[in-house]
There are 2 protein chains.
Amino acid sequence: MTDTDRGASRDTRQRRAIRAAFEAAGRPLDPNEVLELAAGSHSGLGIATVYRNIKMLLEEGWLTAVELPGEVTHYELAGKAHHHHFHCRACGKVFELNACLPNVQKLAPLGFQVSGHDLLLYGACRDCSCP
Amino acid sequence: MTDTDRGASRDTRQRRAIRAAFEAAGRPLDPNEVLELAAGSHSGLGIATVYRNIKMLLEEGWLTAVELPGEVTHYELAGKAHHHHFHCRACGKVFELNACLPNVQKLAPLGFQVSGHDLLLYGACRDCSCP
DNA sequence: GTCGTTGCAAAGCGTTTGCAGCCTA
DNA sequence: TAGGCTGCAAACGCTTTGCAACGAC
């Protein structure tokens with residue numbers, strides 16, 4: 001836990017391109033989307049580098065994983081308030097929800113200890129529900 | 001949709017063992033768990049057969065998929081009332097919850113139409129939280 | 001110059017598929 | 001019998017890892 005512990009991480013061109021991709025997208029991305037977006041500012045970027053950087057960025061808390069049923073894992077910028085996601089079945093986009101649930105613990109059976117939860121809403125987003 | 005449409009499906013030893021595994025487990029299973037449980041009544045069972053039968057049982061509506069973030073897809077008996085799941089972080093097992101949420105619609109922003117939702121609780125199950 | 005990082009390719013892992021033989025109906 | 005079903009193994013898609021060269025500090 002000393003200063004020397006994090007002396008390792010280097011600021012490479014590739015990592016800068018990957019971070020820029022997430023900042024420019026403003027929505028959860030999967031590794032392949034990251035590769036395509038980041039390749040715009042650094043062609044020759046390899047998918048392995050994308051995966052390795054995503055893992056590092058997760059570990060240093062810059063990214064968080066967004067797991068959607070039936071989809072490959074997406075990632076988004078961390079540091080946001082606790083929130084959930086809305087998946088539009090029409091356009092496929094994922095949106096953030098501000099709302100959360102009170103008292104999730106009481107949804108579990110007696111003896112079960114709740115330490116976290118995920119909530120995902122499906123439906124039509126504003127653009128898709130008001131044609 | 002005629003009678004001849006479903007004339008294909010045969011009641012093999014393997015399929016019986018797989019169905020029995022789901023009925024005996026009473027909780028969502030992943031393909032590997034199905035293999036292990038069903039192998040008890042039919043050793044020599046192959047994983048490919050498990051996958052093929054799961055797919056058939058899904059298509060005929062006997063099973064439903066349970067997709068858990070960070071986990072391989074699990075499957076459970078279909079036809080149950082609407083419910084959610086609890087994932088034990090200690091033993092990895094998945095359990096069913098009877099409870100649900102009231103008014104999920106109001107968690108979405110104005111203009112968003114909610115047609116479905118998923119809820120997943122994480123924590124320790126009864127066996128793992130009371131050592 | 002060091003040593004973390006990169007790109008490539010091969011390896012892993014879960015899932016699917018091709019095929020010859022098996023077994024239910 | 002006929003044709004769906006099975007087990008094996010190879011193929012697949014996504015993700016991780018080994019390795020030698022590269023480049024940030």
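No hydrogens, no waters, no symmetry mates; every other heavy atom, side chains included, goes into these values. Per chain, numbering begins at 1; letters A, B, ... match sequence-line order. These figures come from a predicted structure and were not determined experimentally.
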Between D:dC14, D:dG7, C:dT6, which nucleotide gets closest to the side-chain atoms of B:T49?
D:dG7

B:M56 atom CE is separated from C:dT16 atom C1', nearest whole Å, by 13 Å

B:K55 has an atom NZ; how far is it from atom C1' of D:dT6, in whole Å?
16 Å

Can you measure B:E59 atom CD to C:dT16 atom C1' for me and round it to whole angstrom units?
13 Å

Any side-chain donor near an acceptor of the partner, B:S41 and B:R16, under 3.5 Å
no

Whole angstroms only, please: what is the CD-C1' distance between B:E36 and C:dG14?
14 Å

Within residues 22-32 of chain B, those residues having any heavy atom closer than 4.0 Å to DNA chain D are none

What nitrogen or oxygen pairs link the protein and nucleotides 8-11 of chain C at under 3.5 Å?
none

Can you name the salt bridge (Lys or Arg N to Asp or Glu O under 4.0 Å) partners of A:R52, sequence neighbours left out?
none

Which side-chain N or O atoms in residues 86-97 of chain B pair as donor and acceptor under 3.5 Å with protein atoms at least two apart or in another chain?
unit_1	atom_1	unit_2	atom_2	d
B:R89	NH1	A:S115	OG	2.8
B:E96	OE2	B:K80	NZ	2.8

Phosphate-side-chain proximity, A:H42 and C:dG7, N/O vs OP1/OP2 below 4.0 Å
yes

Quick one: side-chain contact (heavy atoms from CB on, under 4.5 Å) partners of B:N98, sequence neighbours excluded?
none

What are the atom names and distances for every N/O pair under 3.5 Å that joins the protein to nucleotides 23-25 of chain C?
unit_1	atom_1	unit_2	atom_2	d
C:dT24	OP1	B:R13	NH2	2.6
C:dT24	O2	B:R10	NH1	3.1
C:dA25	OP1	B:D11	N	3.2

For A:R13, the salt bridge (Lys or Arg N to Asp or Glu O under 4.0 Å) test, sequence neighbours excluded, returns none

With sequence neighbours left out, write down each residue that passes side-chain contact (heavy atoms from CB on, under 4.5 Å) with A:T64, or none if nothing qualifies.
A:E76, A:A78

With sequence neighbours excluded, give me every ring pair (Phe, Tyr, Trp, His ring centres under 6.0 Å) pair touching residues 61-82 of chain A.
A:H82-A:H84, A:H82-A:H117

Are a donor atom and an acceptor atom from the side chains of B:R15 and B:S9 found within less than 3.5 Å of each other?
yes

Not counting sequence neighbours, which residues clear side-chain hydrogen bond (donor to acceptor under 3.5 Å, both in side chains) with B:T73? List them please.
B:E67

Integer-rounded Å distance: D:dG7 C1' and B:I18 CD1:
12 Å

Output all residues satisfying side-chain hydrogen bond (donor to acceptor under 3.5 Å, both in side chains) with A:D118, sequence neighbours left out; order by chain, then residue number.
B:Y122

Starting at atom CD1 of B:I54, determine the distance to atom P of C:dT16, rounded to an integer number of angstrom.
9 Å

In whole angstrom, what separates B:E33's CD from C:dG14's C1'?
14 Å

Whole-Å distance, A:L57 CG to C:dG4 C1', equals 15 Å

Sorted by chain and residue number, the side-chain contact (heavy atoms from CB on, under 4.5 Å) partners of B:A25 (sequence neighbours excluded) come out as B:R27, B:L29, B:L37

